2 protein chains.
Amino acid sequence: MVEPNNENLDLIFHALADATRREMIRLVSEKEKTVSEMAEPFDMSLAAASKHIKVLEKANLIQRTVEGRTHTCRINAETLALASKWLSVYEKFWSKRFDVLESEILKAKKKEH
Amino acid sequence: MVEPNNENLDLIFHALADATRREMIRLVSEKEKTVSEMAEPFDMSLAAASKHIKVLEKANLIQRTVEGRTHTCRINAETLALASKWLSVYEKFWSKRFDVLESEILKAKKKEH
DNA sequence: TCGATATTCAACCATTCGGTTGACTATCTT
DNA sequence: AAGATAGTCAACCGAATGGTTGAATATCGA
């Protein structure tokens, strides 16, 4: 796996910080798609969608192959894994909280009887 | 867990898209910290750091309690869990890749003997 | 009460963002 | 060769971002 440096993570999280782009990731995760297909569901110009796609591409979240005049996009999930890896460092905090919550629930249930 | 809507995710990922703020999260995850303590490691004005803290707070990534003149920040890891949850939908894509990689390695090792 | 400390606020600035439109390039089809 | 199709590029626009500085607010300690 490529080690995630700060510059990478800036690009990745920035790309993810927009609902249109997150939805584009969902779309392209279903099946590889052309630029037009990626743009179609959104109420914006093709040029605007094309910019979003470029942001995703620069962040390495999708990859593009050009064949003739059509550009095909496919997901590059390894990059999502980098974001996930950064977050996973803090996983202990929320799982810890869940443990506390669970034990609280158990205690409450015992009291019922 | 609070359901992550698009607005939440916009704020969360935007907050994470800055190296200063990611480092602030790391700092505050070690131990709760005052605003000054959060700002100290960075080469910027207190006001700038204060703005970053506000971004983290609005995204609900940290929480603040005010006691007298000191504001204490603590991590709110549940919100990181929301980001992680969004990413986890795509986990199958990268773990699939790892599986392929693993089986390739196994095949290669078998060939050696 | 006075000065130090902790923090925010407001105004400003340059840059980036997310969108538009119109022109352009390249490829496919006929 | 001519027109349709796929997509980008460039210029523009208003709003948001990330920083600054100086003033304001509120609390603490002597």
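Naming: A, B, ... by sequence-line order, numbering from 1 per chain. Both backbone and side-chain heavy atoms feed into the values below; hydrogens, waters and symmetry mates do not. Quantities reported herein were computed from a predicted structural model and do not represent experimental measurements.
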query: Taking side chain as C-beta onward, heavy atoms only, is B:Glu32 less than 4.5 Å from B:Glu37?
result: no

query: Closer to the 5' end of DNA chain C via nearest nucleotide, is it A:Ala17 or A:Glu67?
result: A:Ala17

query: For atom CD of A:Glu67, is the number of surrounding heavy atoms from other residues, nucleotides or ligands below 6.0 Å larger than 12?
result: no

- prompt: Counting side-chain heavy atoms from CB outward, which of D:dG19, C:dT7, D:dA6 is closest to B:Ala48?
  reply: D:dG19

- prompt: When you measure from the side chain of A:Asp18, which nucleotide among C:dT20, C:dT7, C:dG18 comes out closest?
  reply: C:dG18

field: Candidates C:dT7, D:dG18, C:dT21 - which lies nearest the side chain of A:Ser45
entry: C:dT21

query: In whole angstrom, what separates B:Met38's CE from C:dT7's P?
result: 11 Å

query: On DNA chain D, nearest-nucleotide positions of A:Lys51 versus A:Glu57: which is more 5'?
result: A:Glu57

message: Measuring to OP1 and OP2 of D:dT8, would you say a side-chain N or O of A:Ser50 lies under 4.0 angstrom away?
response: yes

query: Rounding to a whole Å, what distance do you find between A:Phe13:CZ and D:dG18:C1'?
result: 19 Å

- prompt: Which one, D:dT8, D:dT21, C:dT7, comes nearest to the side chain of A:His71?
  reply: D:dT8

statement: Separation of D:dA6 atom P from A:Glu37 atom CD, nearest Å, is 10 Å

- prompt: Separation of A:Ile53 atom CD1 from C:dC17 atom C1', in whole Å?
  reply: 17 Å

task: Measure the shortest side-chain to side-chain distance between A:Thr20 and A:Met44 over non-hydrogen atoms and say whether it is less than 4.5 angstrom.
output: yes

query: How many Å lie between CG on A:Asp43 and C1' on C:dG18, as a whole number?
result: 14 Å

message: What is the distance, to the nearest angstrom, from the NZ atom on B:Lys54 to the P atom on C:dA6?
response: 18 Å

statement: Of the listed C:dT8, C:dG18, D:dT20, the closest approach to the B:Met44 side chain comes from D:dT20

query: Relative to each other, are the rings of B:Trp86 and B:Phe13 parallel, tilted or perpendicular (30° and 60° limits)?
result: perpendicular

- line: B:Arg21 atom CZ is separated from D:dT17 atom C1', nearest whole Å, by 8 Å

- request: May I ask you to say what A:Thr34 touches in the nucleic acid, namely base, sugar-phosphate or nothing, with a heavy-atom cut-off under 4.0 Å?
  value: sugar-phosphate

query: Atom CD of A:Glu23 and atom P of C:dG18: how far apart are they, to the nearest Å?
result: 16 Å

message: Can you confirm whether A:Arg74 sits close enough to A:Thr65 that some side-chain heavy atom of one is under 4.5 Å from a side-chain heavy atom of the other?
response: yes

message: Can you tell me which nucleotide in D:dT17, D:dT21, C:dT7 comes closest to the side chain of B:His14?
response: D:dT17

message: Any donor-acceptor pair, under 3.5 Å, between the side chain of B:Arg69 and the base of C:dT7, if you only look at N and O atoms?
response: no

